[in-house]
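Sequence positions, counted from 1, serve as the residue numbers for this chain.
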Amino acid sequence: MRRGASFCLLFSLSLALLGLVHANPNYKDALAKSILFFQGQRSGRLPRSQQLAWRSDSGLSDGLFAHVDLTGGYYDAGDNVKFNFPMAFTTTMLSWSTLEYGKRMGPELPNARAAIRWATDYLLKCATATPGKLYVGVGDPNVDHKCWERPEDMDTVRTVFSVSARSPGSDVAGETAAALAAASMVFRKVDRKYSALLLRTARKVFQFAMQYQGAYSDSLGSAVCPFYCSYSGYKDELLWGAAWLFRATNEMSYYNIFKSLGADDQPDLFSWDNKYAGVHVLLSRRALLNNDKNFEQFEGEAESFMCRILPNSPYKTTQYTQGGLMYKLPESNLQYVTSITFLLTTYAKYMKATRHTFNCGNLLVTPNSLLYVDYILGENPIRMSYMVGFGPNFPKRIHHRGSSLPSLASHPQAIGCDSGFEPFFHSANPNPNILTGAIVGGPNQNDGYPDERSDYSHSEPATYINAAMVGPLAYFAATLN
């Protein structure tokens, strides 16, 4: 561990060596589009301010089976199901992006807050509608995935799923508490009453997560698996929830919780399922910015994570494509790229503020996440922007029901469950509606991208891919544009 080298100089040098200084995509445009994307994922009654006009109201009876109002929130990806586990992670990451980079967002800050609030309004309903229950999803995924229909035409069963003392879900509850706590800080100065409600609810949901421990995958089975199974268990979400509540309240009781749980797991990814690396970076902030010795453990763990990621590190456990993209898993690889990029950018920001450096073996580390941001925006071997609507060449046949089917305005007749496959899903034509700002699953391990609607592991967008990209884009928009 070594402090004192000029991070600014090293950062500039590393960019120059990578030959990326002159690429300079329009990060401000990418930032605006990355936030606009969330409007295309909205469920519920759309506001007059809706800019993606090809979308209309949907899911207006959600919650009816449980005699509660569960309208609103987001569809997670290209389907019409509301899965709260990834939705809450999306909300946490949007909130973290806004807390870290809000001052750099310029005119996009109100839009970021609106994207967060669309989720938190729904999550509040899920947490408060029925005492002793946390609603965690709407729509039967096994039925929904057999259909290809617009959210506006949805006629599949809108089953409601929940966790409770008898059927626990510490993972989804811990993530929901994290989302509400993080969002409470976003609204603290602009809407105190709403902020207080978010924090109060976060406390209750976290208490529930701690008191009735268990994985929601075990409680709900095929309603969430294999779609959003909690593969990493629920300890990471308890740590994550406690860490966010500690940041929101500064109360030692939450500090004691994550210390007693132990946060010493050493992953080499960060995602909607696995939060350990996020916990480490979030808590390392106290060590670096506040010089708090009690948090040095997390600083060390955050740096150990970076050493597993960085391409020249002797401790690297991460594969890279020939074009320079980190490659974690074949399905929706860009979700890991954007989430990890967020952690690299944010830790680099802390390093820059404190003139801090560290070593991976004999490698002096200056984290550079610009490489992955630029790759996604088109600086790659096939010159493909993986953000829809950004740049001259982007995915045209994304795996997304609303984007691939004609809008209500152009085709007012209902398109039933099976009717969307022919001629729309199987068509070679580009999607009629552009889901502006959507980041798709991304290229394969050979930096190739076939742009086929049926190839969902590469062509499907998701809220959590975008949410993690907002922070880095805001950073570079303010720094380099």
Enquirer: Ignoring hydrogens and geometry, is there a side-chain-to-backbone donor-acceptor pair from T98 to G102 under 3.5 Å?
Expert: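 Answer holds: no.
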
Enquirer: Check whether any side-chain N or O of D121 sits under 3.5 Å from a backbone N or O of G73 as a donor-acceptor pair, and report yes or no.
Expert: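 Not confirmed, D121 side chain does not pair with G73 backbone.
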
Enquirer: Does any N or O in the side chain of H399 come within less than 3.5 Å of the main-chain N or O of S459, such that one atom is a donor and the other an acceptor?
Expert: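 No; judged by distance alone, with no hydrogens or angles, the pair does not exist.
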
Enquirer: Cation-pi check, K33 to F37: give yes when NZ or CZ is under 6.0 Å from the six-membered ring centre and within 45° of the ring axis, no otherwise.
Expert: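 The answer is no; the distance or angle limit is not met.
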
Enquirer: Which of these passes side chain to side chain contact (heavy atoms under 4.5 Å, CB included) with M387: S34, P461, P395?
Expert: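 Single pass found, and it is S34.
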
Enquirer: Would you sort out whether N333 and E331 count as a side-chain contact (heavy atoms from CB on, under 4.5 Å), showing the intermediate values?
Expert: CA-CA 6 Å; N333 179 57; E331 293 204 1; over 6 Å; no

Enquirer: Is it true that a side-chain atom of S170 and a backbone atom of Y212 form a donor plus acceptor pair closer than 3.5 Å?
Expert: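 Side chain of S170 to backbone of Y212, a donor-acceptor pair under 3.5 Å: yes, one is there.
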
Enquirer: Keeping the roles fixed (side chain from N433, backbone from W54), state whether a donor-acceptor pair exists under 3.5 Å.
Expert: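 The answer is no, because no donor-acceptor pair under 3.5 Å joins these two groups.
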
Enquirer: Is the cationic atom of R117 (NZ for Lys, CZ for Arg) positioned less than 6.0 Å from the six-membered ring centroid of Y194 and within 45 degrees of its normal?
Expert: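 Flagged: R117 positioned over aromatic ring of Y194.
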
Enquirer: Main chain of D191, side chain of K193: is a donor-acceptor contact present, judged purely on distance under 3.5 Å?
Expert: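 Not at all, since once roles are kept as given, no pair shorter than 3.5 Å links the two residues.
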
Enquirer: Quick one: do K235 and D171 satisfy salt bridge (Lys or Arg N to Asp or Glu O under 4.0 Å)? Show the steps, please.
Expert: CA-CA 7 Å; K235 189 175 94 166; D171 27 37; over 6 Å; no

Enquirer: What closest approach, in Å, do S195 and S184 show between heavy atoms, and which atom pair accounts for it?
Expert: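 Here S195 and S184 meet closest at OG-O, 2.5 Å.
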
Enquirer: Would you call the rings of Y101 and F342 parallel, tilted or perpendicular, taking 30° and 60° as the class edges?
Expert: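 It falls in the perpendicular class, over 60°.
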
Enquirer: I'd like to know if the side chain of K82 reaches the main chain of L70, judged simply by a donor and an acceptor atom lying under 3.5 Å from each other, with no hydrogens or angles considered.
Expert: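 Confirmed, K82 side chain pairs with L70 backbone.
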
Enquirer: Taking S284 for the side chain and F298 for the main chain, is one N or O donor matched with an acceptor at less than 3.5 Å?
Expert: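 Not at all, since once roles are kept as given, no pair shorter than 3.5 Å links the two residues.
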
Enquirer: Which residue, D447, V337, T341, forms the side chain to side chain contact (heavy atoms under 4.5 Å, CB included) with Y375?
Expert: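 Of the listed options, the one satisfying the test is D447.
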
Enquirer: Testing Y228, F270, W244, Y74 one by one against F89 for a ring-ring contact (aromatic ring centres under 6.0 Å, His included), which residue passes?
Expert: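 Only one option passes, and that is F270.
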
